[in-house]
Amino acid sequence: MEHKLESGNGTTNSKATIALIVFLLIGAFFLITEHWAHLAGWLPYLPYLLLLACPLMHVFMHGVHGHGNHAPSETSNESTPEKK
């Protein structure tokens, strides 16, 4: 019986991805169970922390756009041919 190795089938990539996800889930489970006492103190405040995260993400994520400081862009003469 002869097996052909096909490089484009994606089975190795998908198996590796599934294995990685399983190991990450196992690690997350043990991390949460070992540190549950520390996490339980924050649970009553979690909804408020999520609500606080919304405006902070808005400020920091939209701050790089420079709203209100839109200067007209200069057009390059190289991209458009001149008519003579």
Side-chain angles (χ1 to χ4, degrees):
M1 182 176 221
E2 195 173 323
H3 296 285
K4 293 183 180 179
L5 181 62
E6 296 180 16
S7 61
N9 60 4
T11 56
T12 306
N13 189 19
S14 64
K15 288 180 183 180
T17 304
I18 291 171
L20 177 66
I21 290 172
V22 168
F23 282 122
L24 288 175
L25 288 174
I26 292 170
F29 171 76
F30 283 115
L31 185 69
I32 289 172
T33 55
E34 291 294 322
H35 296 284
W36 185 253
H38 305 292
L39 295 174
W42 286 94
L43 286 178
Y45 304 110
L46 187 61
Y48 301 112
L49 291 174
L50 290 174
L51 287 174
L52 180 64
C54 292
L56 288 175
M57 286 191 327
H58 183 80
V59 167
F60 288 116
M61 295 175 86
H62 286 291
V64 297
H65 293 298
H67 290 282
N69 297 328
H70 296 289
S73 61
E74 296 179 17
T75 58
S76 175
N77 291 336
E78 297 173 358
S79 63
T80 56
E82 294 182 14
K83 293 182 180 181
K84 292 182 181 179

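No experiment lies behind these values; they were computed from the predicted model shown.
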List, one per line, each side-chain donor-acceptor pair under 3.5 Å for residues 26-34, sequence neighbours excluded.
unit_1, atom_1, unit_2, atom_2, d
Thr33, OG1, Phe29, O, 3.0
Thr33, OG1, Phe30, O, 3.2

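Between the CG atom of Leu25 and the CD1 atom of Ile21 there is a distance of 7.5 Å, given to the nearest 0.5 Å.
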Is there a side-chain contact (heavy atoms from CB on, under 4.5 Å) between Trp36 and Leu43 once you walk through the steps?
-> CA-CA 10 Å; Trp36 185 253; Leu43 286 178; 3.9 Å; yes
